[in-house]
Every structure is written in structure tokens, then in C-alpha cells.
Amino acid sequence: MIADTLRKLGDRVDGRGGVRLGTERAKRWSLSLLGLVLFLGGWEAVTRGFGLNPQYYPGPTDVYRELSRIWEPILTVLPNTLEAAGVGFVVALVLSIAVAIPLVASDRLGNALMPFVIGVNTVPRIAVTPLVIYWVGFDIGPFDSVGLAAANYVMAVWVAFFPMLIAAIDGFRSIDETTENMLIVYGARTWQEFRYVRLQRALPFIFDGMKTGFILAMIGTVVGEFVSGTPGIGAMASSVIRRTAVGRAIAIVLVLGLISTAVVFLIYLVESRVVHWRESSIVGEG
Amino acid sequence: MATKSHAHRRFVRTRHWVTSRVPTVIAGVVFLVLWQLTAMVIDNNRIFAYPEYTWRQVSERSDTVFIRIVETFSSIAVAFVLAVIVGVLLGVVIAEVYTLRQMAMPIVIFTYAIPHPILAPVFIIWFIVNPGAEIVLFSFTGPSAYLLDSVTAADAAQSFAIDGVTTFGAWVGFFPVFLSTITGMNALEERFEQLGTVLGATRWQMVRYFRFWRALPNIASSIKATVQLSIIGVIVAEFIASSEGIGYQIVLAWKGADLGYMFGVLLIIMMGSYLFYQTVVWLLKVLTPPGTIE
């Protein structure tokens, strides 16, 4: 759904306005740029024009000033957050594929466990954050910050895993009846089925899952840090509330948003290389 | 004869309804048994709470839980409705105006990729520094005041309000509706475009009579995602920024190392979200034309 939209957002869709062919691309880019400039300019103009207090109503320049002020502390805590999200993402990715294969290979197993997978996917998994922190922090000592930081990794995996699992299952299952019959006629074994057909079919789905999966891993980590207060970008953002420093909060959002946009874009680039037979989109199925 | 077949049909329908619920009931029983068995293996209420212990801890504070759960789900309802309204309206505008869509694209992609919890403080602070911006839509005395003796009407005073928590929940839930409105509006088949031209429909009539209805199935299916996201948004906001709602109760239980209470509150949240989700799906089925939802 979302992939579709964003693919179309980039195309000339409505069949009325817009120019075709070569000039179109340039026009799109310049419009995007214009939109960005207008947005930032309008924002700055409003804050300046009304003479608003920059602590509560910062303009883009105030945010930039704030950003350069907190750049050092951000650099010291950022590796914690990125490591937890990155490791959690990779673990969730590997796990999701490893779990999806038996669920697709065996109908009985799939039928038995799918309701559970879908059920867990619909409940708000983020709500268990304090429980995870409690359990993870328990063995090592309740106030050991190293032990607590491990909870952020667990949260990243826990939040990112299920949507990626469902994406992988959908992908492995996305073969048509003709191909399925062909596999039966050839007497393909299960592993041959996956090796030659299903894996290739699943790749676009897995890549789409990875794009949302990374954002979700970041979400899990950040909320973990929010609640446990272990050093990281999430804890930094929550400490901003007490100081009511809006500019600082926006600066932090900017840093994290740019990082995840960059990673999603990177996944997109890899995807368009690997999945060369299909048009990729920047943002995966959400 | 007619009444007999009618009664028979009702009987069949009831039997179907009952049998279709059997797996859910079995799953519930299996869940409880597994829970009890795990607790018996670990046998320590500080590591893994017994079902019975959980029940006791929650019912001890049933009044607080009741008030807070109503508070949270009022916020979720407001967030959800806001997300749908704003998502559809903005989606219609962006889908219709080509220039605007191109201009908004980088901002849309960027805001979509932000891990949204990091934005929660911005919403919360904004309402802290602007106390006047909070809009109370509707105040009411919560059901707990009527059902529990220990709760006074003042304790149970609750409201549907647009505040930091609900605006953040709406923000989180907004994207699926917004994006699928755009997709749906632009997916109108050529023959309907032509029909509109032949009938001499104005642009507004095209939107009102064709494009919107083409988008409705997309919107309806994205609303399911929006339900879940608004729940997540509201709970995250409660975690970090307020002493409001059930989200804060989980944090309290964690700080007090009260595992029974935590288990209970989590279970209630899961059940509440399930019910809320099913209610919305049911409402969608009732309110939209047949065939909108598969």
C-alpha cells in the first residue's frame, strides 16, 4: 500500500497536470526542492515575524544553533542507540527468515502457528517495554546500566521481528499455482523448492520488510532508552522534556530522522541492485 | 413454514457463530495452562507471576486500573478519529494537487522514516508550554464511578481531549490513512474518468462522486493499521511523558518491581486493544457500503 503510493507519488499520476518525458524529472526535483525551501522559509518567517520565544517556538536557525551545541553529546550516545538498533535489526532479519522457512515448508506447522504470529503482530508490542527491561535487568542486578542496556537490543528484535516474519512468509508463499504444479511434476525436494524458486520470489517482500523493520528496530531501541534511561538518543530526548527545550527536541528528531532515512535509502539502493527484475520503492510495505 | 425456516436459519447462524469461536476459546485455555505451568516451573512471583497472584495484585487496585484504562482508551479514540479525519482530508488535497504533491514529497518521506517515538517529546513539550492549546471536547464521569463503590465521581472525571498524548497518537496513526487515500484516489479507472468527462463533472464533483469512493476500500483497510498505530502512539506518549493512563501504570509497576501488577496491566492492554480493533472493524463493516472490506 505505502510502497505503491510512494512509487506513484514520484510518477505523474493524475492524468491531467504535469509534463511528460525528459523535462518531467527535472520539474519534479525542482518542485520537491522548492517545497522544502518554502517549508523552511515559511517556518523561519513565522517565528521571526511574530517575534516568538525561541525556547518554545524555535525557527530552523534556532534548531541549527541548538544542534551544533548538542552535537558533541549526541556523538557520544549515538553509537549506543545505533548499535542496539542495528544488531537488533540484523538478528530480527536472520530470525525472521529462519523461522519463516519451516512455517512455509510445513503446512501443518504453518496452520498451527499462523494465528499466534498474526495475534502477536496485532497487539501493541511496545507496551511490554518495562517488562523486558525488568527481566533483562534482573539477572545482572536491577540498577546495572550495562544489564539495562541489553534490554534495548531485545526490544529492537521484539518490535522488528514479527512484521518482518510476516513479510518473509508472504514472500515465500507468493508462488503461483502453475509453478507449484511444475515443482510437483519435477519432484522437487523442499530445499530445492526454496533454493530455486521461493527464495527469489520472496526477495522483494523481504526487502520491503527490511525497510519497515529497520524503522521498527529504531523505535524499539528508542522506547527502551526512554523508559530505562540508559545512555542513548532516547534518554536524551526524554530529558529534554523537563527543560521544555523544544529546539533541542527537534534537533534530536532531525538527527535520528536523517539516519533512518539514510539507512532506508541504502536498503533501497541494495534492493534495486539485487531485485533487478522488479521496480523498487523507497519506503516498504507498512 | 416461513417462520420455521427463519428460526432454522437463525439456529444455523448461531451454531456457526459458536463453532467459529471454539478455536479462540481453546487458544485462551491453552494460554492459561501454559502460563500456569511456566509459573510452576519458575515458582517465583518476582520472576514470573502466577495467574492467581496476577489476579490478586490487579484486583487489589482495580479502581485505579479501571480509571486509567478508560483514560487511555478515551485518548486512543480521540487519536484514532483525529488521525483518520486529518489523514483523509490531507490525502484528498495532496492527491488532487499535483504541484503540492511534488513539493511535499521529500517532507513526507522524511517524516515517515523518523522513528516516531523520538517525536513524542516535541508534542508533549508543546502542550506543556501552551496550556491553553489543550482542547477538551467532552468531559464525562467514567464508568468506574458507577460500578465501583470506592471511586468517587471526582476521581473518575474523564474527558475526550486534544492534548499532547492524543495529538502524538494521531500523528503516529496518520500515515497509513494519508498514504492510502492518495493511492486510492489516483487508482480511479480510466473508464470512470471518461464517464465523468462525458457527464461534464467538475473537479470537485469528480472527487466527491468518483475518486473518494474509489479510495474508500483503500482507506478502510488502512484504518486497521491506524487503529494499532494510534494505540502504540498513545501508550508510548504515556510511558515517557505523563502520569496519565495505563502506560504510566506499567512504568509504575516496573519501578515498584511489582510483576503481578505488570502482568495484569499488560494483559488488560492486550485485551483492550483487541476489543478496540474488533469494534472498529465491525463499525467499518456496518458503516461502509457492502464489499468495501474483504
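Chain A is the first sequence line, chain B the second, and so forth, proteins listed ahead of strands; every chain is numbered from 1. Because the structure is predicted, anything quoted here is derived from the model rather than measured.
Scanning for side-chain contact (heavy atoms from CB on, under 4.5 Å) contacts around F110(B) gives L254(A), L258(A), T261(A), I114(B), with sequence neighbours left out. Checked against salt bridge (Lys or Arg N to Asp or Glu O under 4.0 Å), D258(B) has the following partners two or more places apart in sequence or in another chain: R61(B).
Heavy atoms of S273(B) lying under 4.5 Å from chain A belong exclusively to its side chain. For a residue to count as touching a neighbouring chain, one of its non-hydrogen atoms must lie under 4.5 Å from one of that chain's; by this rule A257(B) touches chain A with backbone and side chain alike. Heavy-atom distances place both the backbone and the side chain of V128(A) under 4.5 Å from chain B. Proximity to chain A (any heavy atom under 4.5 Å) is restricted, for I235(B), to the side chain, taken from C-beta onward. Contact annotation for I118(B): both backbone and side-chain heavy atoms come within less than 4.5 Å of a heavy atom of chain A. Contacts between F214(A) and chain B at a heavy-atom distance below 4.5 Å are absent for every atom of the residue. If you measure heavy-atom distances from A245(A) to chain B, the contacts under 4.5 Å come from the backbone alone. Looking at I250(B), both its backbone and its side chain come within 4.5 Å of chain A, counting heavy atoms on both sides. At a 4.5 Å heavy-atom cutoff, L216(A) makes no contact with chain B through either its backbone or its side chain.
Across I223(B), V177(B), L216(B), a single residue satisfies side-chain contact (heavy atoms from CB on, under 4.5 Å) together with V88(B), and that is V177(B).
Taken from CG in L31(A) to CZ in R101(B), the straight-line distance is 11.0 Å, to the nearest 0.5 Å.
Between I107(B) and L36(A) there is a side-chain heavy-atom pair separated by less than 4.5 Å.
The closest side-chain donor-acceptor pair between T230(A) and N152(A) falls under 3.5 angstrom.
Between W135(A) and F48(B), the ring planes lie parallel to each other; the angle is under 30°, not in the 30° to 60° tilted range. Between F178(B) and F174(B), the ring planes are parallel. Angles under 30° get that label, and only those over 60° would be called perpendicular. Ring-plane geometry between W126(B) and Y57(A) is classed as perpendicular, the angle between the planes exceeding 60 degrees on a 0 to 90 degree scale with a lower cut at 30.
Among V223(A), L131(A), V222(A), the residue with the largest count of heavy-atom pairs under 4.5 Å with chain B is L131(A). The candidate with the highest count of non-hydrogen atom pairs below 4.5 Å against chain B, out of A249(A), G220(A), P130(A), is P130(A). The candidate with the highest count of non-hydrogen atom pairs below 4.5 Å against chain B, out of V123(A), I259(A), V253(A), is V253(A). If you tally non-hydrogen atom pairs under 4.5 Å between each of I126(A), V263(A), I252(A), V246(A) and chain B, the highest count goes to I126(A).
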